[in-house]
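Computed from heavy atoms alone, side chains included, the values below leave out hydrogens, waters and symmetry copies. Chain letters run A, B, ... following the sequence lines, proteins first, then strands; residues in each count from 1.
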Amino acid sequence: MSRDKDRYLSILLISPSILAVLIFVYGFIAWSVRVSLSEWKGLRPDYTWAGLRNYINLFSDPRFQVDIRNTLIFTGVFVIGSILLGFFLAVMLDQGLKGEGFFRSLFLFPMAISYIVTGVVWRWLMNPAEGDRLSGFNLLFSNLNLDFLINKWHTTETWGIAAIALAAIWQMSGYTMAIYLAGLRSIPDELREAARIDGASEFQIYRHIILPLLSPVTLSALIILGHMSLKVFDLIIAVAGKQLPLDVPAIYMWQTTFDGLFYGRGAAIGILLLISVAVLIIPYIRFTLKTETQQ
Amino acid sequence: MSKSKLYGVFTVLMIAMLTLSACGGGGAQKVEVFSWWTGGGEAAGLEAMIKVFNAQNPNVEFINAAVAGGAGTNARAVLATRLQAGDPPDSWQGHAGQELIGTYVAGNQIQPLNSLYEEEGWLAVMPATLIPLISDNGNIYSVPVNIHRANVMWYNPAVLSANGVAVPTTMDEWFAAMDTLQAAGVTPLALGEQWTKMHLMETVLLGTLGPDKYNGLWTGATDWGGADVTAALENFQKALTYTNSDSASLSWQDASQLVINGDAAFNVMGDWAEGYFRELGKSPMADYGWAPVPGSVGVFQFLSDSFVLAVGAPDEEGAMAWLKIAGSKEGQEAFNPVKGSICARTDCDPALFGEYLQSAMDDWASNTVVGSLTHGVVANDSWKSEIDTALGLFVQNGDLAAFQSALVAACTSSGPCK
């Protein structure tokens, strides 16, 4: 009896948030899907049925192809870079050096900064000006007589977006370090000791014991970084503004909807973004929920 | 202050606000004017104009509903929400021309103002070639307060004379001059981020096609796919070869500053650049010179901030009183010297303005007036954004034929071309 009462009470208590989520998340997703299937262009809503035309047009749209290319390059550089650097930092810190706490905070700090701030700072650092107007990294390289390193950063043709990924790596590698460090600390010392007694080298220990045990951590890092890179927007805007060579789906969506008033097309881009993030996230969430209930 | 005290203060403030807004509801006439003039010379100019309004309309309360941010991007989003909710301000600011007409006339949200123009005699004091550009089907839809010029070529007089280059007046002279400068190791043409490239493109289109064919682009009379347009786009492509390599990372201010600092010879930018030069403490004709973009001598490519009358304005009489001030000599003379632009009227007192603006006033009164693309006069928002995308792809891949066919497609899908 009292169990039932508790049950009703708990449902009652969470019902406001369920309702809010239903309306403000799923309701609006449904509405966006409807808009993406409409002819809506201009300030006045227009729900004339367009079928999948907005989606089909996007895939033959040269700008959207640039967006996909940029997203792939950005995701690749950013995810691999953050994981490698984060893992390296975590292994270094795990050696039990002095002042570990200090370095841990130092590496983690960039994560506390907003992408906009990172973007503005890296915009100065990655200044591509030439000749007398050299500044930022390029000036540093020039003063160190490393002139061959001077480059055009984010204004490089095709690969410019990778320069933006550098700024993102700087910001997020501390976070990957933190989760790897937690993973490393959760590996019992007995395992390493046993391996050492069996005559394994340090490298073999990492290769055959630690890395396999860290694979759930790597998966989490991959998912978290991956979905962040699909949604990247503010960092690019802060470094380079609205420029087509560095365009990504989120920027196209924003520009075409609010500058060009193509609501139907903007909604279609939004839904494609949602699907791509969902493909990444949903299997992960199912997997995590399953393991948690098993425990 | 303790937390509970803070809440107390907050509650009192909330109640006070609610009471005040409730009191505002009854009695006196009031007019709500919506704009994005929240900072610098614009806000000061608006304040000056409000003073004129209050002096002439002591019984009407003026509500300044300005929204800050990004050249009106935020304000326009707020305005769109209010209009969709059926709660329009009495009057709002917008770039004169198709940006207003394409959006709000199409949505039946603003009213024609022809009778106001006739009563106030504005048709006689504004350039005749301006009126069609701010009209749709013979109806005039907004009152321009200020005028900026887009087709201005700024130059560094010292750099030009050091290289023996005269100020060019035609496209061919311009290219020849830039060849000389390039050979001498000077960056001939300073350029900035993407929208400044569209700004350069529209002035080169105008300089190559001339005003009639240029106007035809926006009415459907000139074929976007034609050989004239190809030639104009080739000129634009050629002009891009004279520019600084880091344009994508420069704002318009950065690009203009290259000219002032002597790092570049020319820069094409609207005449708000002059306000920036003055801020930097530079003096006209000594540190910077100006001329119409080559090929567009005798043509004034304009953009303008203007005010409209809402359909269903809560206080139409008040809104009309405001529009009268916005179009009056007194109102415009209060606003423009502070903002750093010229009057839309041709009868303002030149003594109120600086050297550059005086020359712009002369040109405004005598030249052929055409509209700017980048700044919302000739194309609606959708069309402009399609052109922007095509331009961005072209700057990236240099494929002129694909660029031109994308422009043709943009005119068909979002412009008047059939």
Side-chain angles (χ1 to χ4, degrees), chain A residues 39-46 57 60-67 69-70 122-136 138 151-158 160 163 237 239-247 251-252 254-266, chain B residues 70-71 73-74 76-77 79-81 83-84 99 102-104 106-109 185-187 192-197 244-251 254 257-258 261-264 379-399 402-403 406 410 413-414:
Chain A
E39 306 266 11
W40 186 352
K41 173 179 155 189
L43 274 187
R44 289 245 151 160
D46 171 9
N57 287 346
S60 58
D61 182 341
R63 178 168 177 176
F64 200 62
Q65 286 159 10
V66 172
D67 294 354
R69 186 200 70 200
N70 281 344
W122 280 75
R123 182 191 175 114
W124 295 330
L125 292 176
M126 300 193 295
N127 191 323
E130 296 172 328
D132 303 336
R133 296 184 291 116
L134 274 186
S135 72
N138 284 353
N151 69 80
K152 291 168 78 181
W153 299 108
H154 59 283
T155 56
T156 311
E157 261 172 69
T158 312
I237 292 289
V239 176
K242 296 183 254 183
Q243 312 227 42
L244 207 127
L246 299 177
D247 205 42
I251 295 178
Y252 190 14
W254 176 51
Q255 255 192 308
T256 204
T257 311
F258 299 108
D259 293 352
L261 306 177
F262 291 97
Y263 281 81
R265 187 196 294 162
Chain B
T73 318
N74 298 347
R76 284 176 25 145
L79 181 62
T81 316
L83 291 175
Q84 282 171 8
E99 190 176 309
T103 309
Y104 303 116
N108 192 27
Q109 286 151 335
V186 181
T187 302
E193 58 189 311
Q194 190 163 328
W195 73 263
T196 70
K197 292 175 179 128
N244 43 306
S245 63
D246 61 337
S247 66
S249 69
L250 301 187
S251 67
D254 298 333
Q257 206 165 0
L258 291 182
N261 294 348
D263 289 320
N380 62 49
D381 287 333
S382 300
W383 191 5
K384 186 178 124 189
S385 92
E386 296 291 78
I387 294 175
D388 188 43
T389 296
L391 173 65
L393 289 167
F394 169 65
V395 170
Q396 204 176 11
N397 62 24
D399 185 344
F403 182 33
S413 72
S414 302

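With a 4.5 angstrom heavy-atom cutoff, B:Ser413 touches chain A only via backbone atoms. Contacts between B:Asp263 and chain A at a heavy-atom distance below 4.5 Å involve the side chain alone, from C-beta outward.
With respect to chain A, the highest number of heavy-atom pairs below 4.5 Å among B:Gly102, B:Ala248, B:Ala80 belongs to B:Ala248. Of the residues considered (A:Lys152, A:Arg133, A:Gln255, A:Glu157), A:Arg133 shows the highest number of contacts with chain B, using heavy-atom pairs under 4.5 Å. Interface summary for chain B: among A:Pro45, A:Ala240, A:Pro245, the most heavy-atom pairs under 4.5 angstrom belong to A:Pro245. Of all the listed residues (B:Asn397, B:Leu258, B:Val395), the one sharing the greatest number of non-hydrogen pairs under 4.5 Å with chain A is B:Leu258.
Residues B:Arg76 and A:Phe258 form no side-chain contact, since every pair of their non-hydrogen atoms from C-beta on lies 4.5 Å or further apart.
Using modelled atom types, one side-chain atom of A:Asn70 and one backbone atom of A:Asp247 make a donor-acceptor pair closer than 3.5 Å.
The pair A:Arg123-B:Glu193 does not meet the salt-bridge criterion, since no charged nitrogen lies less than 4.0 angstrom from a carboxylate oxygen.
A:Tyr252 is linked by a ring pair (Phe, Tyr, Trp, His ring centres under 6.0 Å) to nothing, counting only residues two or more places apart in sequence or in another chain. Under the salt bridge (Lys or Arg N to Asp or Glu O under 4.0 Å) criterion, A:Lys242 pairs with A:Asp259, sequence neighbours left out.
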